[in-house]
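Working notes, beginning with the structure itself.
The chains referred to below are lettered A, B, ... by the order of the sequence lines, with proteins before strands, and numbering in each begins at 1. All heavy atoms count here, side chains included; hydrogens, waters and symmetry mates do not.
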Number of protein chains: 2
Amino acid sequence: MHPRIIDTLKRSQLSVTDSRKKILELFLQRKAALAHADIEQHSGDEFDRVTIYRTLQTFVEKGILHTIPSADNSVRYALCKDACTEGHHHDNHVHFMCDVCGTTYCLDHVTVPAVQLPAGYQVHQLDLVASGTCIKCQ
Amino acid sequence: MHPRIIDTLKRSQLSVTDSRKKILELFLQRKAALAHADIEQHSGDEFDRVTIYRTLQTFVEKGILHTIPSADNSVRYALCKDACTEGHHHDNHVHFMCDVCGTTYCLDHVTVPAVQLPAGYQVHQLDLVASGTCIKCQ
DNA sequence: AATATTTTGCAACAAAGTTGCATTTGTGTA
DNA sequence: TACACAAATGCAACTTTGTTGCAAAATATT
Ligand SMILES: [Mn+2]
Ligand SMILES: [Mn+2]
Ligand SMILES: [Zn+2]
Ligand SMILES: [Zn+2]
């Protein structure tokens with residue numbers, strides 16, 4: 001088991017349970033983002049579908065995972081790298097979704113550029129999602 | 001009925017049907033983007049749920065509507081303004097989703113800035129979605 | 001070890017999306 | 001205008017996805 005797992009859970013004041021450990025482990029192994037369906041597939045009958053929903057929700061609230069918007073009705077989740085805390089995310093990096101293999105990447109080193117919106121729009125979050133062909137699928 | 005409706009359909013080589021006219025009209029009246037559910041709600045029993053699915057899909061394929069990614073598993077659709085054609089979209093403007101009223105706006109005059117991705121990522125599309133509080137909800 | 005708290009699985013349900021097929025509607029042509 | 005062909009629609013049946021309440025199990029606290 002990845003050494004960071006227990007730490008991460010405790011720092012967020014979450015009790016350390018099997019499902020949380022395993023789901024977190026899955027995200028640490030895979031470097032890419034995962035949709036609910038990916039986790040469900042990958043974990044077989046290890047735990048209930050409902051538990052996955054609740055775990056993902058908890059992790060997002062606690063700042064362990066962030067969501068990545070998509071145009072295919074299937075939100076992806078990925079590990080927060082920065083110091084995200086309960087209700088306060090700072091994942092302002094670009095995401096890339098490959099049309100070929102379906103992988104979603106966090107491009108941690110590519111920052112979302114500032115944009116000048118018309119007066120009156122108060123921005124709380126900015127998401128930039130690129131899609132196309134990834135390195136592996138060229 | 002809005003004068004552009006028949007034109008738009010014919011230009012895309014689509015037969016002019018009641019549902020297509022009414023769904024298109026809805027998008028022309030409302031300036032904002034609409035989710036499937038919005039259309040369903042707004043049209044009552046005028047046409048079947050399945051017809052809405054199929055119409056939206058057709059309109060996207062034909063370049064009449066474009067999709068807007070979201071983090072809440074509910075893709076929004078909005079009219080293409082530019083010369084989008086079958087299978088070729090050019091809606092490279094920023095979108096704004098209001099957390100308060102839920103409205104999604106096409107900010108037609110705010111262009112998505114170019115970003116420099118790591119070598120090897122071939123970008124086909126760039127989506128920038130801002131969220132926060134809109135003008136009306138301040 | 002005993003107790004209090006939290007999480008989980010299950011069941012039942014609601015909502016969202018898909019597919020095949022008969023019927024209806026629209027289009028082009030005679 | 002009427003006809004024939006093609007396309008779109010509605011319906012039914014179904015699958016998938018997401019939600020909720022509650023008892024049982026697991027975890028944390030003392
Ligand atoms: Mn990310
Ligand atoms: Mn738009
Ligand atoms: Zn790929
Ligand atoms: Zn608003």
Legend entry - Rounded interatomic separation in angstrom, taking NZ from B:K10 and P from C:dG28: 7 Å

Inset, instruction - May I ask you to verify whether the side chain of A:R49 and the base of D:dG18 hold a donor-acceptor pair under 3.5 Å? - result: yes

Legend entry - Spacing of SG belonging to B:C98 relative to CD belonging to B:Q138, to within rounding of 0.5 Å: 8.5 Å

Inset, instruction - Output the distance between atom CG (A:L126) and atom OG (B:S131), rounded to the nearest 0.5 Å. - result: 8.0 Å

Inset, instruction - Find the distance B:Y53:OH to D:dA8:C1' and express it as a whole number of Å. - result: 18 Å

Inset, instruction - Assign the ring pair A:Y121 / B:F96 to parallel, tilted or perpendicular, where the plane angle (0 to 90°) is split at 30° and 60°. - result: perpendicular

Legend entry - Side-chain N,O (A:T17) to OP1/OP2 (D:dT27) below 4.0 Å: no

Legend entry - Whole angstrom value for the distance that separates P of C:dT8 from CD of A:E40: 15 Å

Legend entry - Heavy-atom donor-acceptor pair, B:R54 side-chain to D:dG10 base, under 3.5 Å: yes

Legend entry - Distance, nearest 0.5 Å, that separates CZ of B:F47 from CD1 of B:I23: 4.5 Å

Inset, instruction - Would you kindly say whether A:R76 and A:H95 are connected by a side-chain donor-acceptor distance under 3.5 Å? - result: no

Inset, instruction - Under 4.0 Å between any heavy atoms, over every strand shown, what does A:S19 touch: base, sugar-phosphate, or nothing? Just pick one. - result: sugar-phosphate

Legend entry - Value in whole Å for how far the C1' atom of C:dA15 lies from CG of A:N73: 12 Å

Inset, instruction - Give the rounded distance in Å between these two atoms: CZ of A:F47 and C1' of C:dG9. - result: 13 Å

Inset, instruction - Starting from C1' on C:dT18, measure out to CD1 on B:I52 and report it in whole angstrom. - result: 15 Å

Inset, instruction - Could you check which of C:dT7, C:dG9, C:dG26 has an atom nearest any side-chain atom of A:S15? - result: C:dT7

Inset, instruction - For C:dT8, take OP1 and OP2 only and decide whether either is under 4.0 Å from a side-chain N or O of A:T51. - result: no

Inset, instruction - Check the distance between D:dT9's P and B:L56's CG and give it to me in whole angstrom. - result: 11 Å

Legend entry - Residue A:D18, side-chain heavy atoms: nucleotide from D:dT27, D:dT9, C:dT7 that is nearest: D:dT27

Legend entry - Euclidean distance, atom CG of residue B:D38 to atom P of C:dA16 [Å, nearest integer]: 11 Å

